[in-house]
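Accompanying notes for the structure given below.
Numbering of ligands and ligand atoms starts at 1, following listing order. Count residues from 1 along the sequence.
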Amino acid sequence: MRLDGVLFFPVTPFDAAGELAEAVLARHVADGVAAGAGGVFTACGTGEFNALDPGEYGRAVTAAVTAAGGRVPVLGGAGGTLPAARAIAREAAARGADGLLLMPPYLVNAPAAGLVRYVRDVAAAAELPVIIYQRGNARFTPEAVAELAQVPNIIGFKDGLGDFDLLQRIILRVREAGHRDFTFFNGLPTAEFTMPAYRGLGVTLYSSAVFAFAPEIAIAFHKALTAGDEVLVRRLLTGFYLPLVELRDLVPGYAVSLVKAGVRLRGLEVGGVRAPLVDPTAEHVERLERIVAAGLEIAGT
Ligand SMILES: O=C([O-])C(=O)C[C@H](O)[C@@H](O)C(=O)[O-]
């Protein structure tokens, strides 16, 4: 599997009764693929993996796989207790997913050796390409990642820590071990904001939650970044991404719930977030609306 372009992390829609709204998810995914997504990561952080039961998870993967129609790879989130993560991995494979994004283990802090075992065990159950997610309590060592990169179906590493010293060490160690095709990508919240720094380490791929509600802005940013249009990159960072990040940082969990509010603002009825996340206040939604309007203007749409 080759990942390229803007990686789309759809939200998971719920209806007025709070139930999974598969048809709306299918529409959201189809719109994203039509807008130029390079890959779809369904039921991951932005897609409230933490809030879905196993049945909902399977239905969400089916909806995303069907809507993408083989045009781009579709990956599902995986995680939780080891038995649950293995079961989820098998479910994703049965539902036709092309790969998995493996979340940090639930609740516990573990040493690198334990993280290696967790990732290996889930990867063995899945028989699908697996991307490791470094975030929170899942902090890997360079040796651990180099060891995992030897496993044929462990194909990449999503960095959600933003520790550049550690990431540089990991990249050097993995490349030195000869894993040239092992993929690294920036998976920090609002990843575009830190892309100039990641590119300094040779990491050009990133996930985009903004793409879920403002694909025009996310694509304009990606094109500007790729073409070396520093003026447009800076204008988008200053006029759109910075105010968005400032708003995001006001309330824990806004990295997800603002995205869902943004999708609603753009006309798709995806409902609110499930607890423990909270939806943005009316004042914050108005602020988000102004930020999106400014971003669309800068992006020239
Ligand atoms: O698992 C997730 O949903 C993420 O962390 C990816 C997001 O797309 C993140 O990179 C962002 O907010 O741009």
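If you chain together hydrophobic residues whose side chains sit under 4.5 Å apart, Val11 and Val256 never meet in one group.
Near Gly187, meaning under 4.0 Å from one of its heavy atoms, ligand 1 places the atoms 5 (O), 10 (O). Less than 4.0 angstrom separates some heavy atom of Ser208 from each of these atoms of ligand 1: 8 (O), 13 (O). Taking a cut-off of under 4.0 Å to the non-hydrogen atoms of Cys44, the atoms of ligand 1 that pass are 1 (O). Remark: ligand 1 atoms within the under-4.0 Å shell around heavy atoms of Phe9 are 1 (O), 2 (C), 3 (O), 4 (C), 6 (C), 8 (O).
The shortest heavy-atom distance from Ala255 to ligand 1 is not under 4.0 Å. Judged by the shortest distance from any of its heavy atoms, Gly160 lies outside the 4.0 Å radius around the atoms of ligand 1. Residue Met103 places no heavy atom under 4.0 Å from ligand 1.
Counting only heavy atoms of the protein, atom 1 (O) of ligand 1 lies nearest to Gly45 N, 2.9 Å. Considering only non-hydrogen protein atoms, atom 9 (C) of ligand 1 sits nearest to Leu188 O, 3.2 Å. For atom 8 (O) of ligand 1, the closest non-hydrogen atom on the protein side is Ala209 N, 3.1 Å. Looking only at heavy atoms of the protein, atom 3 (O) of ligand 1 is closest to Thr46 N, 2.6 Å. Closest protein heavy atom to atom 12 (O) of ligand 1: Thr190 N, 2.7 Å. For atom 4 (C) of ligand 1, the closest non-hydrogen atom on the protein side is Lys158 NZ, 3.2 Å. Of all protein heavy atoms, the one lying nearest to atom 10 (O) of ligand 1 is Ser207 OG, 2.6 Å. At the shortest separation from atom 5 (O) of ligand 1 among protein heavy atoms lies Tyr133 OH, 2.7 Å.
Summarising the geometry, atom CZ belonging to Phe240 is positioned 13.5 Å from atom CD belonging to Glu297; distances are rounded to the nearest 0.5 Å. The CD1 atom of Ile131 sits 5.5 Å away from atom CE of Met1, with the distance rounded to the nearest 0.5 Å.
Here the rule is side chain to side chain contact (heavy atoms under 4.5 Å, CB included) with Pro105, and of Leu115, Val119, Val122, Leu82 only Leu115 fits it.
Residue Leu101 has no N or O atom closer than 3.5 Å to an N or O atom of ligand 1.
Between Phe41 and Phe9, the two ring planes are parallel [angle under 30°; tilted spans 30° to 60°].
In this structure Tyr133 satisfies the ring pair (Phe, Tyr, Trp, His ring centres under 6.0 Å) test with no other residue, sequence neighbours excluded.
Using a cut-off of 4.0 Å between Lys/Arg side-chain N and Asp/Glu carboxylate O, Glu176 and Arg173 are scored as salt-bridged.
Aromatic pair Tyr241/Phe221: centroids less than 6.0 angstrom apart. For His284 and Tyr254, the ring centers sit closer than 6.0 Å to each other.
Judged by distance alone, the side chain of Ser257 and the main-chain N or O of Asp279 form no donor-acceptor pair under 3.5 Å.
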